[in-house]
Participant: 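Let me begin by handing over the structure; questions about it come next.
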Amino acid sequence: MSSKLRGLYAITDSHLLADGKLLPYVEAALKGGARLLQYRDKSADQARRLREAEALRELCRQYGADLIINDDAELAARLGVGVHLGQSDGSLAAARALLGPKAIIGATCHAQLELAATANREGASYLAFGRFFNSQTKPGAPAASAELLNQARAHFNLPLVAIGGIDLDNAGQLIRAGADLLAVVHTLFSAPSAAEVERRARAFSVLFPSS
Ligand SMILES: Cc1ncc(COP(=O)(O)OP(=O)(O)O)c(N)n1
Ligand SMILES: Cc1ncsc1CCOP(=O)(O)O
Ligand SMILES: [Mg+2]
């Protein structure tokens, strides 16, 4: 299993990272040890999305992390990076065919092992479960329990991602339950400065002894 698929998985937020914060705050998260970075931008401005994703790809290259595009396999193919697909974001098997065997393709499995079994069969690189706690970013996401990670660990030989309301107080219990990656938006990017983003990213990263 690639060691990049263990540790902190930072996810951008277009509201928290408005006003010129996107690149300095993401760089701080990468300096603090984030191994994966997801560009999550729901806007329809394709030119800006391309420009920002290209800049993030360069930052990820500098810090040895992998860039994942949320929702958009075609943008991922254009940039030669990975993609994260939810249940309404198109076919995982088609994305695998488009991006090739080495690309990182993540799948949202909410709280259902059945969704994980399908994603596993269709060629996912990791399985994402959650939300585990109350999430300000996506309050309506289906709730999952830490026990689900134990069950997923027993069924699937793929890295497991936990997402949803993760902070520095509740992170440890998810790692102990089997999470390989912790996907975090608000706790990281609501920080008041880039220096604080870096401090928080480092505090998450050291929770993973071998990363
Ligand atoms: C790592 C990770 N896990 C889950 C999600 C949620 O994906 P999805 O259900 O498609 O919801 P949106 O993020 O697209 O609103 C994710 N993005 N990343
Ligand atoms: C995209 C997504 N899917 C389930 S919860 C979530 C948001 C995670 O953000 P936060 O870390 O701020 O709760
Ligand atoms: Mg989606």
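Just so you know, these numbers use all the heavy atoms, side chains as well, and skip hydrogens, waters and symmetry mates. Along the sequence shown, the residues carry numbers beginning at 1. This structure is a prediction, so every number in the text was calculated from the model and none was measured.
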Participant: What closest approach, in Å, do Ala201 and Ala29 show between heavy atoms, and which atom pair accounts for it?
Facilitator: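 Looks like CB-O, 3.6 Å.
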Participant: What do the steps show when you test Arg61 against Glu58 for salt bridge (charged side-chain N to carboxylate O under 4.0 Å, His left out), and what is the final call?
Facilitator: CA-CA 5 Å; Arg61 191 196 60 73; Glu58 172 56 20; 2.8 Å; yes
Participant: Which atoms form the tightest heavy-atom contact between Ala119 and Leu127, and what is the distance?
Facilitator: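 Residues Ala119 and Leu127, closest heavy atoms: CB-CD2, 3.8 Å.
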Participant: Considering only heavy atoms from C-beta outward, does the side chain of Thr187 approach that of Ile166 to under 4.5 Å?
Facilitator: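 A side-chain contact under 4.5 Å is absent here.
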Participant: Test of understanding: with side-chain hydrogen bond (donor to acceptor under 3.5 Å, both in side chains), list the residues that count as partners of Asn120, not counting sequence neighbours.
Facilitator: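 Expected list: none.
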Participant: List the steps, then state whether side chain to side chain contact (heavy atoms under 4.5 Å, CB included) holds for Phe189 with Ile11.
Facilitator: CA-CA 9 Å; Phe189 290 127; Ile11 301 184; 5.8 Å; no
Participant: Might you point out which heavy atoms bring Leu85 and Ala95 nearest each other, and give the distance in Å?
Facilitator: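 Minimum heavy-atom contact is CD1-CB, 3.7 Å.
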Participant: Roughly how far, to the nearest 0.5 Å, is the OG atom of Ser193 from the NZ atom of Lys21?
Facilitator: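 Spacing of NZ (Lys21) from OG (Ser193) equals 10.0 Å.
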Participant: Are any of the side-chain heavy atoms of Leu67 and Ile69 separated by less than 4.5 Å?
Facilitator: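 Yes, at least one pair of side-chain atoms sits under 4.5 Å.
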Participant: Answer yes or no: is there an ion pair linking Glu74 with Arg78, defined by an N-O contact shorter than 4.0 Å?
Facilitator: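 A salt bridge is absent here (no side-chain N lies under 4.0 Å from a carboxylate O).
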Participant: So, are Asp180 and Arg153 salt-bridged, with charged N and O less than 4.0 Å apart?
Facilitator: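 Here Asp180 pairs with Arg153 in a salt bridge, since their nearest N and O are under 4.0 Å apart.
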Participant: First locate atom CG of Leu8, then atom CG of Leu30, and finally report the distance between them rounded to the nearest 0.5 Å.
Facilitator: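 Answer rounded to 0.5 Å: 9.0 Å.
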Participant: Take Leu75 and Gln46, measure what side chain to side chain contact (heavy atoms under 4.5 Å, CB included) needs, and give me the verdict at the end.
Facilitator: CA-CA 9 Å; Leu75 179 57; Gln46 300 303 334; 5.9 Å; no
Participant: State yes or no: do Leu181 and Tyr63 share one hydrophobic cluster built from I, L, V, M, F, W and Y residues joined by side-chain heavy-atom distances below 4.5 Å, directly or via other members?
Facilitator: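 As far as the 4.5 Å side-chain criterion goes, Tyr63 and Leu181 are connected within one cluster.
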Participant: Can you tell if the side chain of Phe129 reaches within under 4.5 Å of the side chain of Leu174, non-hydrogen atoms only?
Facilitator: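 Answer no - side chains too far apart.
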Participant: Decide yes or no for Arg49 and Asp72: does some side-chain heavy atom of the first lie under 4.5 Å from some side-chain heavy atom of the second?
Facilitator: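 With C-beta onward as the side chain, the pair touches.
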Participant: Under the rule for side chain to side chain contact (heavy atoms under 4.5 Å, CB included), what residues qualify as partners of Glu52, not counting sequence neighbours?
Facilitator: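 Side chain to side chain contact (heavy atoms under 4.5 Å, CB included) check on Glu52 returns Leu22, Tyr39, Asp41, Arg48.
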Participant: Evaluate the criterion side chain to side chain contact (heavy atoms under 4.5 Å, CB included) for residue pair Ile104 and Leu36; output intermediate values, then yes/no.
Facilitator: CA-CA 10 Å; Ile104 298 175; Leu36 288 187; 4.0 Å; yes
Participant: Could you tell me the separation between the CG atom of Asn134 and the NE2 atom of His186, rounded to the nearest 0.5 Å?
Facilitator: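 Nearest 0.5 Å value for the CG-NE2 distance: 12.5 Å.
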Participant: What's the separation between atom CZ in Arg202 and atom CD in Glu198, rounded to the nearest 0.5 Å?
Facilitator: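 Output value for this atom pair is 4.5 Å.
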Participant: Looking at side-chain heavy atoms only, is the closest gap between Leu50 and Leu79 below 4.5 Å?
Facilitator: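 Leu50 vs Leu79: side chains touch.
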Participant: Name all pairs fulfilling the side-chain hydrogen bond (donor to acceptor under 3.5 Å, both in side chains) condition that reach into residues 79-105, sequence neighbours left out, sorted by first residue then second.
Facilitator: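 Passing the test, one end in residues 79-105: His84-Thr108, His84-Tyr126, Arg96-Ser125.
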Participant: For Arg199, what residues pass the side-chain hydrogen bond (donor to acceptor under 3.5 Å, both in side chains) criterion, not counting sequence neighbours?
Facilitator: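 side-chain hydrogen bond (donor to acceptor under 3.5 Å, both in side chains) check on Arg199 returns Glu196.
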Participant: Could you see if Val184 belongs to whatever hydrophobic cluster contains Leu17? Use Ile, Leu, Val, Met, Phe, Trp, Tyr and a side-chain cutoff under 4.5 Å.
Facilitator: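 Hydrophobic grouping puts Val184 with Leu17.
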Participant: How close do Tyr9 and Val161 get, counting heavy atoms only, and between which atoms?
Facilitator: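 For Tyr9 versus Val161, the nearest heavy atoms are CD1-CG1, 4.0 Å.
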Participant: What are the two closest non-hydrogen atoms of Ala76 and Leu99, and how far apart are they?
Facilitator: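 Here Ala76 and Leu99 meet closest at C-CD2, 3.9 Å.
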Participant: Are Ile105 and Phe156 joined in one hydrophobic group, where the rule is that I, L, V, M, F, W and Y side chains link up if heavy atoms are under 4.5 Å apart?
Facilitator: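 No; Phe156 is not reachable from Ile105 via cluster members.
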Participant: Residues in side chain to side chain contact (heavy atoms under 4.5 Å, CB included) with Leu23, at least two apart?
Facilitator: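 Side chain to side chain contact (heavy atoms under 4.5 Å, CB included) list for Leu23, sorted by chain: Ala55, Leu56, Leu59.
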Participant: So, taking the atom named CD in Glu27 and the one named SG in Cys60, what distance separates them when rounded to the nearest 0.5 Å?
Facilitator: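 Between Glu27 CD and Cys60 SG, I get 10.5 Å after rounding to 0.5 Å.
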Participant: Please tell me if the side chains of Leu182 and Phe208 come closer than 4.5 Å, counting only heavy atoms from C-beta onward.
Facilitator: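 They are in contact (side-chain heavy atoms under 4.5 Å apart), so the answer is yes.
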Participant: Taking all atoms of both residues into account, what is the closest heavy-atom pair of Leu188 and Val197, and its distance?
Facilitator: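 Minimum heavy-atom contact is O-CG2, 3.5 Å.
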Participant: Let me confirm one number: the SG-CG distance from Cys109 to Leu148, rounded to the nearest 0.5 Å.
Facilitator: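 It is 9.0 Å, given to the nearest 0.5 Å.
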Participant: Counting C-beta onward and ignoring hydrogens, is there a side-chain heavy-atom pair between Leu16 and Tyr25 closer than 4.5 Å?
Facilitator: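 No, every pair of side-chain atoms sits at 4.5 Å or beyond.
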Participant: Check for a donor-acceptor pair, side chain of Asn170 on one end and backbone N or O of Gly165 on the other, with a separation under 3.5 Å.
Facilitator: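 At least one qualifying donor-acceptor pair exists.
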Participant: Do Val185 and Gln38 have side chains that get closer than 4.5 Å, going by heavy atoms?
Facilitator: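 With C-beta onward as the side chain, the pair stays apart.
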Participant: Kindly list each side-chain donor-acceptor pair under 3.5 angstrom involving residues 136-146, sequence neighbours excluded, with atom names and distances?
Facilitator:
none

